[in-house]
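Working notes, structure below.
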Amino acid sequence: MERFVRVASTSEIQPGQGKVVEVDGRYVALFNAGGAYYAIDNTCLHRGGPLAEGLLEGKVVTCPWHGWSYDVTTGANTVNPNICVRTYPVKVEGTDLHVAV
Ligand code: FES
């Protein structure tokens with residue numbers, strides 16, 4: 001059963017931005033893509049770059065280290081969709097953002 005944990009308020013992540021949050025010992029990158037929130041693993045599958053610090057353009061985030069990019073809605077790498085970071089459900093309650101891992 002999913003257990004949602006409050007991780008941030010909506011004002012902390014403006015549209016086009018990301019933030020790393022910790023949920024049960026996992027580092028999760030939480031993004032605001034045009035007002036919708038998505039959560040994926042923070043760790044890039046290339047060499048572990050911090051995806052929350054990447055550039056978000058639309059629904060695609062580019063890793064700040066060497067440029068791999070992922071669709072934040074699916075976790076799929078945009079060049080090779082067989083490479084996927086994990087995604088997590090996000091719930092918005094008022095101004096609170098919750099993530100389940
Ligand atoms: S660590 Fe992300 S592209 Fe290399």
Side-chain angles (χ1 to χ4, degrees):
M1 169 108 179
E2 288 174 339
R3 186 174 70 85
F4 282 89
V5 176
R6 184 194 180 281
V7 291
S9 70
T10 51
S11 63
E12 291 175 65
I13 312 174
Q14 297 303 311
Q17 294 188 334
K19 176 182 170 71
V20 64
V21 297
E22 188 183 348
V23 186
D24 288 347
R26 251 175 226 277
Y27 291 99
V28 173
L30 183 57
F31 295 100
N32 179 340
Y37 296 89
Y38 300 95
I40 62 175
D41 263 333
N42 189 48
T43 306
C44 178
L45 293 172
H46 179 220
R47 295 206 183 150
L51 294 177
E53 295 173 24
L55 177 67
L56 181 66
E57 295 173 292
K59 293 183 170 164
V60 173
V61 65
T62 300
C63 178
W65 285 7
H66 319 96
W68 281 27
S69 54
Y70 300 87
D71 183 328
V72 298
T73 69
T74 62
N77 185 282
T78 57
V79 174
N80 181 351
N82 292 322
I83 298 172
C84 278
V85 289
R86 196 166 157 193
T87 62
Y88 302 96
V90 180
K91 195 164 70 175
V92 184
E93 281 181 355
T95 58
D96 289 332
L97 295 169
H98 301 254
V99 171
V101 297

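Atoms within a ligand are numbered from 1 in the order they appear, just like the ligands themselves.
Heavy-atom minimum distance, Arg26 versus Val101: CD-CB, 3.8 Å.
For atom 4 (Fe) of ligand 1, the neighbouring protein N/O/S atoms at less than 2.8 Å, given as residue and atom, are His46 ND1, His66 ND1.
Taking 4.5 Å as the limit, every side-chain heavy atom of Leu97 sits out of range of all side-chain heavy atoms of Glu12. Contact annotation: the side chain of Asn77 never approaches that of Leu45 to less than 4.5 Å [non-hydrogen atoms, C-beta and beyond]. Residues Val99 and Val90 have side chains in contact (heavy-atom distance under 4.5 Å, counting atoms from C-beta outward).
Taking the six-membered ring where the residue is Trp, Trp68 and His46 present parallel rings, their angle staying beneath 30° rather than reaching 60°.
Exactly one residue among Tyr70, Tyr88, Tyr27 makes a side chain to side chain donor-acceptor pair (under 3.5 Å) with Asp41. That residue is Tyr88.
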